[in-house]
Amino acid sequence: VAAQPAAEQTLAEAGLEAVRLRGAGALAGVSAELRGDREFMLAASRFCQLAEMLRCAADGLRAELYADREFVLRAVEEIGPQVLAEAAEALRADLGFMMEASACSSAAEAMKYASPELLAELDEDSE
């Protein structure tokens, strides 16, 4: 009986294997469709630095990720509070979110990225 041929590797699997072997640079060789695929790019971030994955992500996906509360908190932990500069305005205006981000990093650094409205509100409350 002949051996069964190995299952054909999908483009996503091949892309992830390339990232695992060569790092984030391999993302330049994957399709724009995959660079816009949330599941694929999050999987790729297990094999390279999160900041590198974000640089390679499609613009639409990057905007989606920067609007995702849990993702941005992970990014603050892994990259630092400067990532908040790219976070969605709605997150930067959310006191609860900004307090969580402050707990993941330097509170003073994180609060530099709070929305002007939130900073004004906090300033009014302190008077």
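Applying the salt bridge (charged side-chain N to carboxylate O under 4.0 Å, His left out) rule to pairs touching residues 50-60 yields Asp59-Arg62, sequence neighbours excluded. Note on residues 99-111: pairs passing salt bridge (charged side-chain N to carboxylate O under 4.0 Å, His left out), not counting sequence neighbours, are Arg69-Glu100, Glu109-Lys112.
Between Cys48 and Arg22, every side-chain heavy-atom pair lies at or beyond the 4.5 Å cut-off. A 4.5 Å side-chain heavy-atom check between Leu50 and Phe71 finds at least one atom pair inside the cut-off. The shortest side-chain heavy-atom distance between Cys56 and Met41 falls under the 4.5 Å cut-off. For the pair Tyr66 and Leu91, the minimum side-chain heavy-atom distance is 4.5 Å or more.
For Leu16 against Ala44, the heavy-atom pair with the smallest separation is CD2-N, 3.5 Å. In terms of heavy-atom proximity, Asp94 sits nearest to Gly96 at OD1-N, 2.8 Å. Among all heavy-atom pairs drawn from Ser105 and Pro81, the shortest one is OG-CB, 3.7 Å. Of all heavy-atom pairs between Ala101 and Leu84, the closest is CB-CD1, 4.0 Å. The two atoms that bring Leu65 and Val72 nearest to each other are O-CG2, 3.6 Å, heavy atoms only. Of all non-hydrogen atoms in Cys104 and Val76, the two that sit nearest each other are CB-CG1, 3.8 Å.
Between the CG atom of Leu73 and the CZ atom of Phe97 there is a distance of 4.5 Å, given to the nearest 0.5 Å. Atom CG of Asp123 sits about 11.0 Å away from atom CD of Glu121, to the nearest 0.5 Å. In this structure, CE on Met53 lies 9.0 Å from CD on Glu78, to the nearest 0.5 angstrom. Separating the OG atom in Ser31 from the CZ atom in Phe40 is a distance of 7.5 Å, to the nearest 0.5 Å. One finds the CG atom of Asp37 at 12.0 Å from the CZ atom of Arg35 (value rounded to the nearest 0.5 Å). Here the CZ-CD distance, from Arg20 to Glu13, works out to 13.0 Å after rounding to the nearest 0.5 Å.
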Stepwise salt bridge (charged side-chain N to carboxylate O under 4.0 Å, His left out) check, Arg74 with Glu77: CA-CA 5 Å; Arg74 173 187 167 200; Glu77 288 177 349; over 6 Å; no

side-chain contact (heavy atoms from CB on, under 4.5 Å) between Leu54 and Ile79, intermediate numbers included: CA-CA 11 Å; Leu54 283 167; Ile79 300 170; 4.0 Å; yes

Derivation of the side-chain contact (heavy atoms from CB on, under 4.5 Å) call for Val30 and Leu11: CA-CA 8 Å; Val30 302; Leu11 289 176; over 6 Å; no

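Leu122 pairs by the side-chain contact (heavy atoms from CB on, under 4.5 Å) definition with Leu95, Met111, Leu118, not counting sequence neighbours.
Cluster membership check: Val19 shares its hydrophobic cluster with Leu42, using side-chain heavy-atom separations under 4.5 Å among Ile, Leu, Val, Met, Phe, Trp and Tyr.
Within a 6.0 Å sphere centred on CD of Glu33, other residues, nucleotides and ligands contribute 12 heavy atoms or fewer. Residue-environment remark: CD (Glu17) exceeds the threshold of 12 foreign heavy atoms within 6.0 Å.
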